[in-house]
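The residues of the chain are indexed from 1 along the displayed sequence. None of these values were measured; they are calculated from a predicted model.
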Amino acid sequence: MKKKSSSTSTTKTRRVIVKMLKQEGPMDALALASHLEISPMAVRQHLYALQEENLVTYKEEARAMGRPAKLWRLTSSADRFFPEGYAELTLGLIHSINEAFGQEGIDRILALRNRQQIENYCKQIPETSSLQKRLELLAEIRTKEGYMAEIQQQEGGDFLLIEKHCPICVVATACTGFCSKELEMFQSILGSDITIERVEHILAGELRCAYRIGRLTE
């Protein structure tokens, strides 16, 4: 029984490490140990075990003093621990629609999905709320959908909408129209007086999607 309990605890700790690296991005063993309240040596043992499973990798970063630090990050193999939004089924449907109706059929499906999402989001995000409040509500909705979203205020009054996971990544890779429609959707929800720019993109090989959002200046 003790062995089973120890094994369960080890698995749980490694899942927490995977989730933390997903949420926070690259971290060294000391930072992980501080969050987990365990020793750096114990964290390294978990990281090396995860590395053997091809779930994490690292890149060395020079430090002012001492040896370079290992910044650990997730590999694409770790995506299986996060929701993918029935990606394989959706991907199959996209291929079937393309075969039956061509690109025109896909464009019509994407337009319909976009319209439905806008209607759904608008019901939950009051137009009269401040931009910050609307973005906070948008982040809550997106998080419930699996995007692990958050808002960060920037100097000068702009905001970053950050999405650390893409539950439709497999589909978006095959059909880039999903990503362009998301930009259109955000614009429709937030209004024509708001500027939206994607500054980081998971499909471009980055760790997250991020959108800079602000008000138009005259």
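The closest side-chain heavy-atom distance from I141 to E145 is below 4.5 Å. No side-chain heavy atom of H95 sits under 4.5 Å from any side-chain heavy atom of I97. In this structure, the side chains of T11 and S9 stay at 4.5 Å or more apart for every pair of heavy atoms. Put simply, the side chain of C179 reaches to within 4.5 Å of the side chain of L203, judged on heavy atoms. Between I151 and L160, every side-chain heavy-atom pair lies at or beyond the 4.5 Å cut-off. Residues F159 and Q132 meet the side-chain proximity criterion, which asks for heavy atoms closer than 4.5 Å. No side-chain heavy atom of M27 sits less than 4.5 Å from a side-chain heavy atom of L71. By the 4.5 Å heavy-atom criterion applied to side chains, F186 and L138 are counted as neighbours.
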Quiz prompt | Verdict with reasoning, R142 to Y121, per side-chain hydrogen bond (donor to acceptor under 3.5 Å, both in side chains) | solution = CA-CA 10 Å; R142 300 287 283 181; Y121 284 22; 3.2 Å; yes

Quiz item: Could you walk me through whether E61 and K70 pass the salt bridge (Lys or Arg N to Asp or Glu O under 4.0 Å) check?
Solution: CA-CA 6 Å; E61 180 182 77; K70 292 179 179 178; over 6 Å; no

Exercise. Tell me, with the steps shown, if L112 and R108 meet side chain to side chain contact (heavy atoms under 4.5 Å, CB included).
Key: CA-CA 6 Å; L112 176 61; R108 291 180 65 181; over 6 Å; no

Practice problem: Apply side chain to side chain contact (heavy atoms under 4.5 Å, CB included) to the pair I17 and L50, showing each step before the final yes or no. | Solution: CA-CA 9 Å; I17 290 173; L50 290 169; 3.9 Å; yes

Quiz item: What's the verdict on side chain to side chain contact (heavy atoms under 4.5 Å, CB included) for E182 and I168, showing C-alpha distance, side-chain angles and the deciding distance?
Solution: CA-CA 12 Å; E182 282 192 331; I168 62 167; 4.3 Å; yes

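Distance CG/L135 to OG/S130: 8.5 Å, rounded to 0.5 Å. Atom OG1 of T195 sits about 5.5 Å away from atom CG of L216, to the nearest 0.5 Å. Atom CD1 of I125 and atom CD1 of I118 lie 11.0 Å apart (nearest 0.5 Å). Note that CD1 of I189 and CD1 of I196 are 8.5 Å apart. Values are rounded to the nearest 0.5 Å. In this structure, OG in S129 is found 6.0 Å from CG in L137, a value given to the nearest 0.5 Å. In this structure, CG on L47 lies 6.0 Å from CG on L32, to the nearest 0.5 angstrom.
The heavy-atom pair separating P167 from G146 by the smallest distance is CD-O, 3.7 Å. Scanning both residues, I202 and C169, for their nearest heavy atoms gives CG2-SG, 4.1 Å. The heavy-atom pair separating S180 from G177 by the smallest distance is OG-O, 3.0 Å. Minimum interatomic distance between N98 and Q103 (heavy atoms only, all atoms of both residues): OD1-N, 3.7 Å. The nearest pair of heavy atoms linking L161 to A149 is CD1-CB, 4.3 Å.
Donor-acceptor pairing under 3.5 Å is lacking for the side chains of E119 and Q117. Of the N and O atoms on the side chains of Q124 and N120, at least one donor lies less than 3.5 Å from an acceptor on the other residue.
One finds no salt bridge joining R67 and E60 here, because no Lys/Arg side-chain nitrogen approaches an Asp/Glu carboxylate oxygen to under 4.0 Å. Between R212 and E197 there is a salt bridge, since at least one side-chain N of the basic residue sits less than 4.0 Å from a carboxylate O of the acidic one. In summary, D28 and R63 engage in a salt bridge, as defined by a charged side-chain N under 4.0 Å from a carboxylate O.
A distance-only check finds a donor-acceptor pair linking the side chain of T143 to the backbone of A139 [under 3.5 Å]. Using modelled atom types, one side-chain atom of E206 and one backbone atom of H201 make a donor-acceptor pair closer than 3.5 Å. With T75 contributing its side chain and N54 its backbone, the two residues share a donor-acceptor pair below 3.5 Å. Counting only distance, with no hydrogens or angles, the side chain of R113 and the backbone of K181 share no donor-acceptor pair below 3.5 Å.
For Y58, the ring pair (Phe, Tyr, Trp, His ring centres under 6.0 Å) partners at least two apart in sequence or on another chain are W72. Here E200 pairs with R208 under the salt bridge (charged side-chain N to carboxylate O under 4.0 Å, His left out) rule; sequence neighbours left out.
Criterion: ILVMFWY side-chain heavy atoms under 4.5 Å apart, direct or through other members. Under it, V16 and V56 are part of a common hydrophobic cluster. There is a path of hydrophobic side-chain contacts, each under 4.5 Å, that joins L131 to M185. Under a hydrophobic clustering in which Ile, Leu, Val, Met, Phe, Trp and Tyr are joined whenever their side-chain heavy atoms come within less than 4.5 Å, directly or via other members, L183 and Y147 fall into different clusters. Note on L36 and L30: separate hydrophobic clusters, where clusters join Ile, Leu, Val, Met, Phe, Trp and Tyr whose side-chain heavy atoms are under 4.5 Å apart, directly or indirectly. Y48 and I38 fall within the same hydrophobic cluster, where Ile, Leu, Val, Met, Phe, Trp and Tyr residues are linked whenever their side-chain heavy atoms come under 4.5 Å apart, directly or through other members.
Counting heavy atoms of neighbouring residues, nucleotides and ligands inside a 6.0 Å radius, atom CZ of R73 does not exceed 12 of them. Surrounding CD of E104 are at most 12 heavy atoms belonging to other residues, nucleotides or ligands under 6.0 Å away.
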